[in-house]
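Bear in mind that the values here come from a model prediction, so they are computed numbers and not experimental data. In what follows, every heavy atom counts, from backbone to side chain, and hydrogens, waters and symmetry copies are set aside.
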Amino acid sequence: MSLTGTPFLYTLVVLCVVAVALPLALWSRVGGPRVVRGAARVLMVLFAQVTAVALVFTMVNNSNQLYDNWGDLLGTSDHVHEAADLGASGTGGISLEKLPRLRQTFKQAKGPGMRAEGGVLVTHLKGRVSGVHAEVNVWLPPQYHEPAYRNHRFPVVEVLPGYPGSSKAWYGTMDAPQQLAPLMRSGQIEPFIIVSPRTTLLPGKDTGCANIPGKVNADSWLSIDVPKMVRDNFRAQAAPDGWAVAGYSAGAHCAAKLAVAHPDRYRAAVSMSGYNDPAAVPQSLAGKSPALRAANNPYELLKDSRVPPRVALYLSGQPNDGYEAAMALKRIAKAPTSVNVVFVPTDAGGHTMALWKPQVVPAFRWLSEVMGDEHRTGTAPGTTPLAPSTAGSRHAELASGTASPADAARRP
């Protein structure tokens, strides 16, 4: 029975009802010696507590899409088949241009939000560079199948969840297709392909989007294998100008790191409540040594870069939850690197989906400005013209788009 399926949820609801009914019906009817009666009553109480906790956990998990399946929850899912030393480039010397085209089979994805606005497609990708074998979800914008766009190549945003987190979260809990599709149709937002790969690759560990020989090549999975598969199977634009990466929490850290580390693969990044030092997450493999921390810290990468990367960063955060890290990047950024810091006040909510979901539309508006057709040359005809947006975004309206509370930003 699926961890996130309706049958499991309904089973727990029934068990909770039974757990309440049992003591009411049998408490005074339990027979036998005092020890037996006491043990029976204790078991009824424990049964009620266990079922109640299980139901609450399941509802929270389904709402926030933290664990996709029993393997993720129990720490038995391992999606790394090999983790060779791929070197500084993350390619292991493989000529990516010479790799044969990879044709994938896709099917309709299942779960909350996965059928909205045309539905999400899912495939199981065997990464030829990274050695990671895992699912990748793809949502196509409304224009993708329209005749006027048959020769059009679309920009792509790779979206990443936090840790723990499901590859379905951006489509389900974050409601990205439902929020963005109407604005794409009206021309207020660029029609992006939205791609969400699995990021929980090892049991009980946050891979921190890092390449760690002998452990995992998460960076190469996200920045090489997944983008190549998407370009091989869909009308996606070429890197870097046609590609961006976005995430929240641990996924926000990865988004900033991937963009700064690979300006040849990404043009822009969106980071919501992110951090720079991977050691901020105790389970992060990238935070286990000074060398790994430096190699996967976007602040250190940006500070030490001899040539500032041509990337645009959209960083949102609250005091003590992403804002200081964002300001640290803004202070050291030099052209052509651009950093837009969005201050989100504490009364907008905490480190939860309720804070990040309203930021989806403002973030994609910004991506449309940075990656829209007016910023590219040689774009195929059939592009939706952008129009000024008048849509609101609740909590995100409180985010000014500027970094005015500078006193709150003093830590890298």
Criterion side chain to side chain contact (heavy atoms under 4.5 Å, CB included) against Tyr314, the qualifying member of Val370, Val341, Asn340: Asn340
Geometric cation-pi criterion Arg198 and Trp221, 6.0 Å radius, 45° cone: no
To the nearest 0.5 Å, what is the distance between CD1 (Ile224) and CG (Asn217)? 9.0 Å
Is it the case that the ring center of His81 lies less than 6.0 angstrom away from the ring center of His133? yes
Please determine if Arg310 and Asp241 form a salt bridge, counting it only when a charged side-chain N lies under 4.0 Å from a carboxylate O. yes
Within the structure provided, determine whether Leu121 and Asn137 are in side-chain contact (heavy-atom separation under 4.5 Å). no
Decide, yes or no, whether a salt bridge links Glu117 with Arg185 under the criterion of side-chain N to carboxylate O below 4.0 Å. yes
Of all heavy-atom pairs linking Gln237 and Trp243, the shortest is O-NE1, 2.8 Å
Quick check with a 6.0 Å cut-off and a 45 degree axis cone: is Arg235 positioned over the face of Tyr144's six-membered ring? yes
Indicate the atoms forming the closest heavy-atom contact of Cys209 with Asp219, along with that distance. O-CB, 3.4 Å
Output the distance between atom CE (Met174) and atom CD (Gln179), rounded to the nearest 0.5 Å. 8.0 Å
Please report the interatomic distance NZ(Lys228) to CG(Leu125), rounded to the nearest 0.5 Å. 10.5 Å
Taking side chain as C-beta onward, heavy atoms only, is Phe234 less than 4.5 Å from Phe106? yes
Could you tell me which residues satisfy side chain to side chain donor-acceptor pair (under 3.5 Å) with Trp356, sequence neighbours excluded, listed by chain and number? Ser273
Nearest atoms (heavy-atom pairs only) where Pro336 meets Pro308: CD-O, 3.6 Å
Quick one: do Lys126 and Asp225 make a salt bridge, cutoff under 4.0 Å? no
Side chain to side chain contact (heavy atoms under 4.5 Å, CB included) with Val339: which of Leu315, Val311, Ile332? Leu315
Any salt bridge between Asp175 and Lys357, counting N to O under 4.0 Å? yes
Flag the pair Ser271 / Tyr248 as yes when at least one side-chain heavy-atom distance between them is below 4.5 Å, and no otherwise. no
Closest heavy-atom contact between Asn296 and Gly208? OD1-O, 4.3 Å
Residues pairing under salt bridge (charged side-chain N to carboxylate O under 4.0 Å, His left out) where one sits in residues 93-113, two or more places apart or in two chains, turn out to be none
Might you point out which heavy atoms bring Tyr171 and Ser196 nearest each other, and give the distance in Å? OH-N, 3.2 Å
Side chains of Leu302 and Pro309, heavy atoms from C-beta outward: is any pair under 4.5 Å? yes
If you define the side chain from C-beta out and look only at heavy atoms, does anything of Phe192 sit under 4.5 Å from Phe154? no
With a 4.5 Å limit on heavy-atom distance, are the side chains of Trp366 and Val342 in contact? no
4.5 Å side-chain heavy-atom contact, Pro197 and Glu135: no
Looking at Val195, Thr199, Val132, Val245, which hits side chain to side chain contact (heavy atoms under 4.5 Å, CB included) with Leu222? Thr199
